[in-house]
Amino acid sequence: MEISDKKTALDDSASIYQRREEKSDRAKWKEVKGFKAKWEHFRAYYLLKTVIWIGVIALAVYGIYEIVAPEKENVIYVAVLDAVVSGEATGALQKGFEEYVELDPETQKTIFDNTMLISMQGDAASAQKFATHAFAGEIDVMIATESVFKGYVGTYLRPLSEQLPADLYTELSERFCYAAPTEEDGNAGASEPYGIFVTDLLEKSPLAEEPLVLAICGNSKNEKNAENFVRYLLEHGSSGEKETQ
């Protein structure tokens, strides 16, 4: 008797010989009745996948936007050293100035940075950050205590007579903070106005025990907006509202 003629031990109708037909996801979904049951089914089988796909799509859209969207023009960079003005007050100052110059948020931006701790904690990274941005001409205005301000005279700062228009220079004459840069031979140079006392125009942080001085960086790329910022402070004072004359 040939092997092919032998009968199998199991009948051909046994379950292991029956073809299994997998139902499609759509068919399974139709079989689920009622909102609660559908939600449970969706949560069990599709929710995680849906969340992952939404995240992937969102990241892709954001990445494309970052690549395609034009870079905003920075109109001013104000560096508040050693947090001599609190973060909240710095934010209010930024908002007020943006309104003052009628900033277009779609194409323009400002930077008001009070995170650089130059002297209080001896933060070398902050000192390097300031030096790098100032050297590149990216920082336009510096606000610091008088002693910190004088440490930068002759390196990143120029006399205000070379930076301000005649009318504003005259108006600020009683606010001038004089300093003498160190010459190449090690001797002190002529004392000139390099900064402006602005303690009464800002909400000084309790951490700042000395008077506050504002200076315009010597190689500022936005010297006109730095001038506008000085005018804004003179007109609005520390309250953020225009003073009555």
Side-chain angles (χ1 to χ4, degrees), residues 75-101 110-123 126-127 129-131 133-134 138-164 168-181 191-220 222-223 225-243:
V75 301
I76 194 169
Y77 188 146
V78 178
V80 181
L81 304 186
D82 294 328
V84 294
V85 180
S86 69
E88 182 178 354
T90 299
L93 195 64
Q94 180 177 17
K95 182 179 178 181
F97 178 71
E98 289 178 351
E99 292 175 352
Y100 179 77
V101 296
T110 63
I111 299 175
F112 281 63
D113 186 356
N114 77 330
T115 64
M116 290 183 274
L117 305 179
I118 302 298
S119 62
M120 291 187 297
Q121 297 181 6
D123 189 339
S126 289
K129 178 182 178 181
F130 177 80
H133 287 292
E138 296 170 353
I139 295 179
D140 305 298
V141 174
M142 177 184 76
I143 299 174
T145 57
E146 185 176 1
S147 60
V148 171
F149 149 77
K150 287 184 176 180
Y152 289 108
V153 171
T155 52
Y156 301 114
L157 306 177
R158 289 187 291 133
L160 293 176
S161 57
E162 301 176 9
Q163 297 176 302
L164 297 177
L168 188 56
Y169 186 83
T170 301
E171 184 179 355
L172 292 168
S173 60
E174 295 183 358
R175 290 183 174 273
F176 286 156
C177 181
Y178 286 80
S191 181
E192 295 185 77
Y194 280 83
I196 308 160
F197 285 109
V198 292
T199 308
D200 61 320
L201 302 178
L202 297 169
E203 294 183 26
K204 185 175 75 167
S205 166
L207 298 174
E209 298 178 355
E210 299 178 42
L212 303 187
V213 178
L214 179 151
I216 299 174
C217 289
N219 57 347
S220 165
N222 299 297
E223 201 166 273
N225 285 326
E227 173 193 328
N228 287 335
F229 182 66
V230 174
R231 293 185 188 276
Y232 166 74
L233 284 182
L234 291 175
E235 293 179 14
H236 291 72
S238 61
S239 65
E241 297 179 359
K242 186 167 183 174
E243 299 174 339

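In this structure, R175 contributes its side chain and F197 its backbone to a donor-acceptor pair below 3.5 Å. The backbone N or O of I118 lies less than 3.5 Å from a partner atom in the side chain of D82, making a donor-acceptor pair. Looking only at distances, a side-chain donor or acceptor of Q94 sits under 3.5 Å from a matching main-chain atom of T110. For the pair K204 (side chain) and A208 (backbone), a donor-acceptor distance under 3.5 Å is present.
Closest non-hydrogen pair, I139 versus A134, comes out as CD1-N, 4.0 Å. The heavy-atom pair separating L201 from L233 by the smallest distance is CD2-O, 3.8 Å. Minimum heavy-atom separation, L157 to Y194: O-CE2, 3.6 Å. Contact between A83 and S205 at its shortest, heavy atoms only, is O-CB, 3.3 Å. Shortest non-hydrogen contact noted between P181 and G154 is CB-CA, 3.8 Å. Of all the heavy atoms in Q163 and C217, the pair that sits closest is NE2-O, 3.3 Å.
With a 4.5 Å cut-off on side-chain heavy atoms, V141 and N225 do not count as touching. Between L212 and E146 the shortest side-chain heavy-atom distance does not fall below 4.5 Å. Between I216 and D140, the closest side-chain pair of non-hydrogen atoms is not below 4.5 Å. Contact of the V80 side chain with the D113 side chain is not registered, since no non-hydrogen atoms from C-beta on lie closer than 4.5 Å. Proximity of T115 to K129: side-chain heavy atoms (C-beta onward) are separated by under 4.5 Å at one or more points. Looking at heavy atoms from C-beta onward, V148 lies in side-chain contact with T145 at the 4.5 angstrom threshold. Side chains of L202 and I143 form a contact here, defined as non-hydrogen atoms less than 4.5 Å apart. Contact annotation: the side chain of L160 never approaches that of L172 to less than 4.5 Å [non-hydrogen atoms, C-beta and beyond].
For F149 and Y156, the distance between ring centers is not under 6.0 angstrom. With ring centers used as reference points, Y152 lies under 6.0 Å from F130. Side-chain rings of Y169 and F176 approach one another, their centers coming within less than 6.0 Å.
Every residue meeting the side chain to side chain contact (heavy atoms under 4.5 Å, CB included) condition with A89, not counting sequence neighbours, appears here in chain and number order: V85, S86, E203. Here E171 pairs with nothing under the side-chain hydrogen bond (donor to acceptor under 3.5 Å, both in side chains) rule; sequence neighbours left out. Here E227 pairs with K224, R231 under the salt bridge (charged side-chain N to carboxylate O under 4.0 Å, His left out) rule; sequence neighbours left out.
Using a cutoff of 4.0 Å between basic side-chain nitrogens and carboxylate oxygens, R158 and E223 are scored as salt-bridged.
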Would Y232 and V101 satisfy side-chain contact (heavy atoms from CB on, under 4.5 Å), going step by step from the backbone distance to the final call?
-> CA-CA 9 Å; Y232 166 74; V101 296; over 6 Å; no
Do I111 and V78 pass the side-chain contact (heavy atoms from CB on, under 4.5 Å) test, and can you show the C-alpha distance, the side-chain angles, and the key distance before you say yes or no?
-> CA-CA 6 Å; I111 299 175; V78 178; over 6 Å; no
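The distance from the OH atom of Y178 to the CD atom of E192 is 9.0 Å, given to the nearest 0.5 Å.
Using bins of under 30°, 30° to 60° and over 60° for the plane-to-plane angle, the ring pair F229/F97 lands in the perpendicular bin.
Looking only at atom types and distance, the side chain of E235 has a donor-acceptor partner in the side chain of Y100 under 3.5 Å away. Inspection of the S220 and N222 side chains reveals no N or O donor paired with an N or O acceptor under 3.5 Å.
Within 6.0 Å of CD on E162 lie more than 12 heavy atoms contributed by other residues, nucleotides or ligands.
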